Amino acid sequence: MEKRSSNRNRKEKSDFFERVYRVAAMIPFGRVTSYGAIAKYLGAGRSSRMVGWAMNNSHRAFAAGEKETIFIPAHRVVNRNGILTGKHHFGNSTTMQQLLENEGAIIENDRILNFSEIFWNPSKEL
DNA sequence: AAGTTGACGTAAC
DNA sequence: TGTTACGCCAACT
């Protein structure tokens, strides 16, 4: 029995993060999803926070076994309200919004108006 | 080493 | 309908 919790046992990186990266990378162009949706797809349930954390580390994300960094379209991942909660992590607060608008999303006041239209559910469509 | 925080979400009040 | 509390697990201090 090995300790899989506590103390970063990054022996092979957490399965969670690994999956999060993959799912996030699968988000189609012009579509968006939520942290919860990804967490749910992973069977994480409520651990949607980890998804966000994974994104935070996505800048140095490595897939298990892969030696190349994966581009994580973090701008396509928003909270369940369709609000760009992580916009502040893109360096410039406008970057995330601009990227999404460039993909056809309609954003106003940091919120995706057509969120329900472009929402991409991994559990459903994957 | 232990406690706190964190790109969230759901339930309860 | 807005706010408060809690859970989840890893990273950070």
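Just so we're on the same page: letters track the sequence lines, and every chain starts at 1. All figures in this text were calculated on a predicted structure; none of them were measured in a lab.
When the nucleotides B:dA7, B:dG9, B:dG6 are ranked by their closest atom to the side chain of A:Ser58, B:dA7 comes out on top. With C:dA10, C:dC8, B:dG9 as the candidates, the nucleotide lying closest to the side chain of A:Ser47 is C:dC8. Checking C:dA11, B:dA7, C:dC9 against every side-chain atom of A:Trp53, the shortest atom distance belongs to C:dA11. Here the nucleotide nearest the side chain of A:Ser34, chosen from B:dA7, C:dC9, B:dG9, is B:dG9.
Between the base of B:dG9 and the side chain of A:Arg49 there is no donor-acceptor pair shorter than 3.5 Å.
Put simply, the side chain of A:Ser34 gets close to the backbone of A:Ala37: a donor and an acceptor are under 3.5 Å apart.
In this structure, A:Leu113 belongs to a hydrophobic cluster whose other members, linked by side-chain heavy atoms under 4.5 Å apart, are A:Ile106.
Taking atom CG of residue A:Leu99 and atom P of nucleotide B:dA7, one finds them 19 Å apart after rounding to whole Å. One can place CG of A:Asn57 at 17 Å from P of C:dC9, the figure rounded to the nearest angstrom. For the pair A:Glu18 CD and C:dA10 C1', the interatomic distance rounds to 15 Å; values are reported in whole Å.
Residue pairs meeting the side-chain hydrogen bond (donor to acceptor under 3.5 Å, both in side chains) criterion with at least one member in residues 104-115 of chain A, sequence neighbours excluded, are A:Lys87-A:Asp110. Contacts classified as salt bridge (Lys or Arg N to Asp or Glu O under 4.0 Å) and involving residues 92-106 of chain A (residues at least two apart or in different chains) are given here: A:Arg76-A:Glu103. Each side-chain hydrogen bond (donor to acceptor under 3.5 Å, both in side chains) pair with one or both residues in residues 115-126 of chain A, not counting sequence neighbours, appears once here: A:Arg31-A:Glu125.
Sorted by residue number, the members of residues 74-89 of chain A with any non-hydrogen atom under 4.0 Å from DNA chain B read A:Ala74, A:Asn79, A:Arg80, A:Thr85, A:Gly86, A:His89.
Straight-line distance between the C1' atoms of B:dA7 and C:dG2: roughly 23 Å, to the nearest whole Å.
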Using residues 77-84 of chain A as the side-chain source, report each donor-acceptor pair under 3.5 Å to any protein atom, sequence neighbours left out, with the distance given to one decimal.
from	atom 1	to	atom 2	distance (Å)
A:Asn79	OD1	A:Asn81	N	3.1
A:Asn79	OD1	A:Gly82	N	3.1
A:Asn79	OD1	A:Ile83	N	2.8

